[in-house]
Structures are given as structure tokens and as C-alpha cells.
Protein chains: 2
Amino acid sequence: MCPRHRELSPVDYEHTCRIRGDGGRTLRTILDQICNKWTLLVVATLDQGTLRFGDLHQQVPGISQRMLTLTLRNLERDGLVTRTVYAEVPPRVEYALTPVGKSLIPPALALAAWAIEHVPGIEARRADQHPSRGTP
Amino acid sequence: MCPRHRELSPVDYEHTCRIRGDGGRTLRTILDQICNKWTLLVVATLDQGTLRFGDLHQQVPGISQRMLTLTLRNLERDGLVTRTVYAEVPPRVEYALTPVGKSLIPPALALAAWAIEHVPGIEARRADQHPSRGTP
DNA sequence: CTGTATCCGTTCCGATACTG
DNA sequence: CAGTATCGGAACGGATACAG
């Protein structure tokens, strides 16, 4: 335990160090992973079950073909989704969550719940402070 | 409930829709907010209690003065932290979490716990797939 | 001590065109 | 259907210098 934390209560220490940990490196690794605007939404969408590329493209609103491909490639590389190619004409490719991928859903839910509860208030604040610039 | 979700089980529907919600807009709002590399670390650091600008600069490893200022200004604008200026020489400015800011800690913990559990495996996968650069 | 202003390279990502 | 390739604008963020 680092000296600065000696006087914190156990619960505070647990909070602080679990998040800040190794100088934030572990947390930043996952943030780098999920914070690219699309990853979490793709994972959440795949929580429904196996989906084809085209289905994902339809169900994740606003994602471009390029970003969907890149996102899925990263998720596959990290072992969060599986990619199954069927040698048919026309081609069919199916994506599904691995157990590791599924395990990301509950933390994502916690974040989503927080967002649903607090984002409206945050946006109201922003609107108050920048009356001209709102949601485009 | 949208037509595509009619046949999902209630729990699946709850999962999917709580995350994907309004086309992912609410979730993306908070992701845009916390995914800027520093916000979550600053919030986690402030979980200790009130801190001065210089303390934060020391305790968040690697953050630049500029990014700390910008991050704190955004958090203040969104009502997650308070900023208190004391008219002294030299000046003293203290930052603290608001209740809304504190409420972000538990979801952040859930994410951090996931990262601590799974990031090592993910990095091992990446290392396997990119063994070395420059092998002849 | 607590910032602001400016420069500037890097990364992100949308649009578009093309392919098996 | 399921990608890949390329371009270019925009945003991110580090370094540095300057200021109240």
C-alpha cells in the first residue's frame, strides 16, 4: 500500500486503488479498448446472440462499414467475439460473443444505467451554460 | 418495444435495450465524456476527497497541466466536480466530487474489476498474435 | 500556484470507390 | 454479402511559452 493511502479507510483504499491501480495502466488499457465510440455498442448488440455482418450494420445505428469491420477485428483479436465464415454464395459471416465478451455485459450495464440516470441532467446543464450550442 | 425485440426473452430485452437504448445515444454521451483518457482517472483520484490542482497533477500519473485543466473544466461544466477558489497569495483552488460525481465511482469500479480480471489475458493474446517485428 | 495560449504531430473516423 | 483501400477533415493531446 502506498504511503498516501495509509490513512484512508479500507473502503476508500479499495475504491481508489482498484480504479487507479498501477498508475491507471490497467484501467486505461480497457478504456482504450472500449472507448473507441463503437466497441461497447457492438458488444451490447451481440448480447442478443449470433448476428451476421449485415445485421450488425443495421442494428448499430450510424456505424460505417469501415468502423464495423475494424471494431469486429479488434474484438476478435482480443478474444471477445468469434468470427465464423461459411463458404457459401453469397458469403455469410457470423459473429458471436465469447464468454469473455459476455462477461463485459454486466459492467457495461452498470455504466449504461448510470448514463440513463444522469445524462439528461448533464445535458440540461450543458444547455444552460451554452444556450446557443445544443445537440445538432 | 421495437419489432426486432418482440421475440427476445425479457432478460435479453432488458439487457439489450438498457445498453442500446435510444440507438446508443445515451450510452455514447457518457462514453464520449469518460473515454478521453483522463476523466475517469481524475474522478477516481478525487474519490479520496478534496484535492488541490497541484495534488491532482502529482497523483494522476502522466497527465499534463493542459489536459488536467481541460478535464476539470469539463467535469465542472457537467456537475461532477466542484471548483473552489480561495483568494489567497499564492492562489489555492480545490476540487471535490459532487454527489453525481461520486455516483460514477461504482460503475467505474465494475469496469475496473473487469479490466483487472481480463486485460492480462487480452494482452497475452495480442502478444501471441504479434510475436515480433523485423523477424527476417 | 494555477492556470491560458499556441503550435503541431498523431489518431480517429466518415465518405467514397472498388472487389471476390 | 462482406469486406478492403484510400483520402481528408476533425478531434485529441503533448510540449512549450507566457500570465495573474
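The shown structure was predicted, so the numbers you read here are calculated from the model rather than taken from an experiment. Side chains are part of it too, since the values below use all heavy atoms of this structure and drop only hydrogens, waters and symmetry mates.
- Under a 3.5 Å cut-off, the side chain of B:Thr45 and the backbone N or O of B:Val60 do not form any donor-acceptor pair.
- At whole-Å resolution of the value, CG in A:Leu72 and P in D:dC1 are 17 Å apart.
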Any chance you could lay out the side chain to side chain contact (heavy atoms under 4.5 Å, CB included) test for A:Arg77 and A:Asn74, step after step, and finish with the verdict?
CA-CA 5 Å; A:Arg77 177 199 59 189; A:Asn74 286 334; 3.7 Å; yes
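- You'll find the side chain of A:Tyr95 reaches within 4.5 Å of the side chain of A:Leu46, heavy atoms only.
- Between B:Lys37 atom NZ and D:dG13 atom C1' the separation is 7 Å, expressed in whole Å.
- For the pair A:Arg126 and B:Asp78, the salt-bridge criterion is met [side-chain N within less than 4.0 Å of a carboxylate O].
- If you measure from atom CG of A:Leu70 to atom C1' of C:dC13, you get 9 Å, rounded to the nearest angstrom.
- Cluster annotation: A:Val85 is connected to A:Val81 through the hydrophobic network of ILVMFWY side chains, with a link wherever side-chain heavy atoms come within less than 4.5 Å.
- End-to-end axis angle of the helix from C:dC1-D:dG20 to C:dG20-D:dC1, from C1' rotation axes over five pairs per end: 40° (rounded to 10 degrees).
- Among pairs with a residue in residues 110-123 of chain B, those fulfilling salt bridge (charged side-chain N to carboxylate O under 4.0 Å, His left out) read A:Arg25-B:Glu123, at least two apart in sequence or across chains.
- The side chain of B:Pro90 has C:dC1 as its nearest neighbour among C:dC1, D:dA2, C:dG14.
- Take B:Arg73 and apply the salt bridge (charged side-chain N to carboxylate O under 4.0 Å, His left out) test, not counting sequence neighbours, and it matches no residue.
- Sorted by first and then second residue, the salt bridge (charged side-chain N to carboxylate O under 4.0 Å, His left out) pairs with a member in residues 79-88 of chain A read A:Glu88-A:Arg92; sequence neighbours excluded.
- The separation between B:Leu68 atom CG and C:dG3 atom C1' is 10 Å, rounded to whole Å.
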Check your understanding: Checking side chain to side chain contact (heavy atoms under 4.5 Å, CB included) for the pair B:Leu97/B:Leu80: CA distance, chi angles, key distance, verdict?
Key -> CA-CA 6 Å; B:Leu97 290 183; B:Leu80 271 66; 5.6 Å; no
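- Between the CG atom of B:Asn74 and the P atom of D:dA11 there is a distance of 14 Å, rounded to whole Å.
- Looking at A:Asp47 and A:Lys102, no side-chain N of the basic residue comes within less than 4.0 Å of a carboxylate O on the acidic one, giving no salt bridge.
- A heavy-atom distance below 4.0 Å to DNA chain D is reached by none of the residues of residues 80-89 of chain B.
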Give each protein N/O atom lying under 3.5 Å from an N/O atom of nucleotides 15-20 of chain D, with the pair distance.
none

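- Atoms CG (A:Leu51) and P (D:dC1) sit 15 Å apart, rounded to a whole Å.
- A distance of 11.5 Å separates CD of A:Gln59 from CG of A:Leu68, quoted to the nearest 0.5 Å.
- One can place CE of A:Met67 at 19 Å from P of D:dA2, the figure rounded to the nearest angstrom.
- The distance from atom CG of A:Leu41 to atom C1' of C:dC13 is 15 Å, rounded to the nearest whole Å.
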